[in-house]
2 protein chains.
Amino acid sequence: MPRGGATAQKSGEEPQDQIRPLADVSALPRSNGGRTRQLNEDRILRAAEAVFAEAGFNGTTMQAIAEAARLPKANLHYYFGTKEGLYRALLNRVLDGWVDAFDHFQPDREPADAFADYVRDKMRFTRQRPMASKVFANEIIHGAQHVSHYLKTKLRDRVDEKAVVIADWVKSGKMASVDPHHLFFSLWAVTQTYADFDVQVAAVLAKPKLGREDLDDATNHILRLVLRTCGLPETRPETGPETGPETGIEHHT
Amino acid sequence: MPRGGATAQKSGEEPQDQIRPLADVSALPRSNGGRTRQLNEDRILRAAEAVFAEAGFNGTTMQAIAEAARLPKANLHYYFGTKEGLYRALLNRVLDGWVDAFDHFQPDREPADAFADYVRDKMRFTRQRPMASKVFANEIIHGAQHVSHYLKTKLRDRVDEKAVVIADWVKSGKMASVDPHHLFFSLWAVTQTYADFDVQVAAVLAKPKLGREDLDDATNHILRLVLRTCGLPETRPETGPETGPETGIEHHT
DNA sequence: GTCTATACATAGATAGAC
DNA sequence: GTCTATCTATGTATAGAC
């Protein structure tokens, strides 16, 4: 992950990825080198992810996060200052893993493999961190007030860079003609919809909630969709070894 | 009611045989049969759609809606009772137009035409009512507290019904094998992403905001994606006869 | 470092004049 | 039917005891 140039922002913005230097406090009776701080911050961030995802920024109260983290409310203010500070720390954490998945698009790779790996990565994230996806989606829907700079710089640059790779694949006849930018929008949409709109998907599928099998079905469907869109040969489905390869339309309702 | 001796009227129902001295119509100078009510409710709902979309349910204040509608805050409570009442009225309004688009999937139609019409309908909605889409997306992301019943009944039934149509198309060899339910999820995702996540799309495309041309590009991309996924012949693009490529990556077929 | 008690602001809702 | 003034609840944030 290349660390971009330090975009000097005024208002109390702090780089989240280096909380290394500590040892600043004067009296630390039994200081364990900021270990409790590390643990508590992580505990708070995990609680915050769930609460912010469920209620949105304004719907979230510090009280609710405190209860989810089983810590007193004032503790959150001690560690993160303000509610917005906590929210930004959480967003930074989520965004960190967002751009890395692009690494699959290397010019010398087989397009089919690159797309398959990318989709599987995104769906893995959807399965493992659905709350994180919701926090991010909520932030974008409401205008991306806190991440617009990131979108216009780091994300855009990264997408443009990989759009060239895909355009080259098209030019060299390795895949069908597709608009690379809109292809990315589609990839994000079809994968993240299973995290962000999970209750809608579950409701339509008549399930109480989405299970592992549902997300495997979804992954296979998306792989087909992407490979066919790009005119690439379809690979084997994701499902386990015991169940035979299924290519037909199977849905359990 | 300025008339003296006002009997305590609890509910809206009142005995008919009771003589009521209501000849006094001072409070109704020129009653237009609820016409002003109709107008004001519509005015409030339009304002509410914009504010709820931007701030979410909890982030929205009745004050903000009142200012957007240029009406006193108490007026909203007079017409809709509570904030939640107003929100539900708004959601119902949005959902009304949501299910109708399914009508394009008729068994005797050509699949390619049905999908193309459906996609164009959804994208038209995305262009004309992006705020409505955001309100709905926000509601789903946060657990669909107010619409879960609708999702599990009306929407599910409608999707199941149309999934059969698509499954029949597959069986009769009219289109490639695709899971109908997941295909719908994908259709919703790729179309609504241009309304819900418009700021992200605009940021990546280096545009201040999404324009008509961007959405035309998106529509053409989605049409290609859907038709290829379903193994259907690609129809002509949406745009006019002579449109130049936008970013140089576009290819005409 | 931790947490109780509280200050201060703003929200939703309504009473009552017009 | 309309709107001003106000009540009450709740939220963020912090001061200060431990």
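Below, chains carry the letters A, B, ... as their sequence lines are ordered, and counting in each starts from 1.
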Ignoring the backbone of B:Thr61, work out which of C:dG12, D:dC3, D:dG1 is nearest its side chain.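 The answer is C:dG12, which lies nearest to the side chain.
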Out of D:dG1, C:dA15, C:dT4, whichever nucleotide has its closest atom nearest the side chain of A:Ala74: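 Nearest listed nucleotide: C:dT4.
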Is it true that [X] and [Y] have a side-chain N and a carboxylate O under 4.0 angstrom from each other?
X        : Y        : answer
B:Arg129 : B:Glu49  : yes
A:Arg158 : A:Asp103 : yes
B:Asp42  : B:Arg46  : yes
A:Asp214 : A:Lys207 : yes

Rounded to whole Å, please give me the gap between [atom1] in [X] and [atom2] in [N].
X       : N      : atom1 : atom2 : result
B:Ile44 : D:dG1  : CD1   : C1'   : 12 Å
B:Phe52 : C:dG12 : CZ    : P     : 9 Å
A:Leu39 : C:dG1  : CG    : C1'   : 15 Å
A:Met62 : C:dC8  : CE    : P     : 20 Å
B:Gln63 : C:dA9  : CD    : C1'   : 14 Å
B:Lys73 : C:dG16 : NZ    : P     : 18 Å
A:Arg43 : C:dG1  : CZ    : P     : 16 Å
B:Asn58 : D:dG11 : CG    : C1'   : 12 Å

Angle between the end axes of the helix from C:dG1-D:dC18 to C:dC18-D:dG1, five pairs per end, to the nearest 10 degrees?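 That helix has its two terminal axes inclined by roughly 0°.
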Side chain to side chain donor-acceptor pair (under 3.5 Å) between B:Ser186 and A:His221, intermediate numbers included: CA-CA 9 Å; B:Ser186 294; A:His221 162 78; 2.8 Å; yes
Would you tell me if any nitrogen or oxygen in the side chain of A:Asn40 comes within less than 4.0 Å of OP1 or OP2 on C:dT2?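 Result: yes.
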I'd like to know whether the aromatic ring centres of A:His181 and A:Phe184 sit less than 6.0 Å apart in this structure.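 No: the rings miss the under 6.0 Å criterion.
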Compute the centroid of each ring, for A:Tyr194 and then for B:His182, and state whether the two points are separated by less than 6.0 Å.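 Yes, close enough.
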Please give me every residue in residues 75-91 of chain B whose heavy atoms get under 4.0 Å of an atom in DNA chain C, ordered by residue number.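 Heavy-atom cutoff 4.0 Å gives B:His77, B:Thr82, B:Lys83.
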Locate the shortest heavy-atom distance separating B:Ala64 from B:Val51; write the atom from each residue and the value.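 That would be CB-CG1, 4.0 Å.
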Applying ring pair (Phe, Tyr, Trp, His ring centres under 6.0 Å), run through A:Tyr87 and A:His146 and close with a yes or a no. CA-CA 9 Å; A:Tyr87 181 65; A:His146 304 88; 5.0 Å; yes
